[in-house]
Amino acid sequence: MADLPPRTRGVIALLEANCTVCMICARECPDWCIHIDSHTEVEQQPGSARPRARNVLDRFAIDYGQCLYCGICVEACPFDALHWAPDFSYPGTGGPDGDGAVAELVQERDVLATWVAHVPPPPPLDAAAEPAPETTATRPGRPGTGTARRPGALREGT
């Protein structure tokens, strides 16, 4: 695949396995170009007291006629279900003479999922970066646990 021209993001790819139908991408989209339909399935887990409900994705579509390619949906997704894929075949271009362009503007999840194969791997970590706090051995402890007296209590002698 050829490199993208500078300042080009490509198209938005959907990694369907990571989508939890949380709707954050659709709510954050300034153009409301993401369309999601889902239903809830209830399953009884063996050994659990209560049944578990989970959302099942029925439809995920992006209307590229409205999309600004701003990337807010990609940044807002907490589960990394949306990615930029460097693809030149922008939806809505149609054939060489432009035929079929309008029909290509809404891309459904099956097409969005095919673009995941073109998502580049993340850049390597910076070796000179500070280590993550979770990976450090110990954190300095607090001198005491909790508040010495009730919060909001008057100080003695005041």
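Residues: numbered from 1 along the sequence shown.
- Side-chain N or O atoms of Arg109 include none that pairs as donor or acceptor with a backbone N or O of Ile36 at under 3.5 Å.
- The distance from atom SG of Cys22 to atom CG of Asn55, rounded to the nearest 0.5 Å, is 9.5 Å.
- Among all heavy-atom pairs drawn from Pro51 and Val42, the shortest one is CB-CG1, 3.4 Å.
- By the 4.5 Å heavy-atom criterion applied to side chains, Phe60 and Glu16 are not counted as neighbours.
- Within 6.0 Å of CZ in Arg59 there are more than 12 heavy atoms belonging to other residues, nucleotides or ligands.
- Within a 6.0 Å radius of CD in Gln44, more than 12 heavy atoms belonging to other residues, nucleotides or ligands are found.
- In this structure, the separation between CD1 on Ile12 and SG on Cys67 is 4.5 Å, given to the nearest 0.5 Å.
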| task | List the steps and the verdict of side-chain contact (heavy atoms from CB on, under 4.5 Å) for Ile62 and Val106. | result | CA-CA 6 Å; Ile62 297 177; Val106 177; over 6 Å; no

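- A parallel orientation is assigned to the rings of Trp84 and Tyr69, their planes being inclined by less than 30° (bins at 30° and 60°).
- Counting all heavy atoms, side chain and backbone alike, Trp32 lies closest to Gln66 at O-OE1, 3.6 Å.
- Atom CD1 of Ile24 sits about 13.5 Å away from atom CD1 of Ile72, to the nearest 0.5 Å.
- Residues Gln45 and Ser48 share a closest heavy-atom pair of O-OG, 2.9 Å.
- Val74 and Val119 sit in two unconnected hydrophobic clusters of ILVMFWY residues. Membership requires side-chain heavy atoms under 4.5 Å apart, directly or through other members.
- The existence of a salt bridge linking Glu41 and Arg54 is confirmed by a sub-4.0 Å separation between a basic side-chain nitrogen and an acidic carboxylate oxygen.
- Distance check: Ile34 CD1 to Cys25 SG gives 4.5 Å after rounding to the nearest 0.5 Å.
- Note that CZ of Phe79 is 4.0 Å distant from OG1 of Thr20, once rounded to the nearest 0.5 Å.
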What verdict does the side-chain contact (heavy atoms from CB on, under 4.5 Å) test give for Val56 and Val21, after you've listed the backbone C-alpha separation in whole Å, the side-chain angles of each residue and the deciding distance to 0.1 Å? CA-CA 7 Å; Val56 178; Val21 196; over 6 Å; no

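- Side chains of Ser38 and Asp58: a donor-acceptor N/O pair is absent below 3.5 angstrom, by distance only.
- Within a 6.0 Å sphere centred on CD of Glu130, other residues, nucleotides and ligands contribute 12 heavy atoms or fewer.
- The OG1 atom of Thr114 sits 10.0 Å away from atom CG of Leu14, with the distance rounded to the nearest 0.5 Å.
- Across every non-hydrogen atom of Ala61 and Glu108, the tightest pair is CB-OE1, 3.5 Å.
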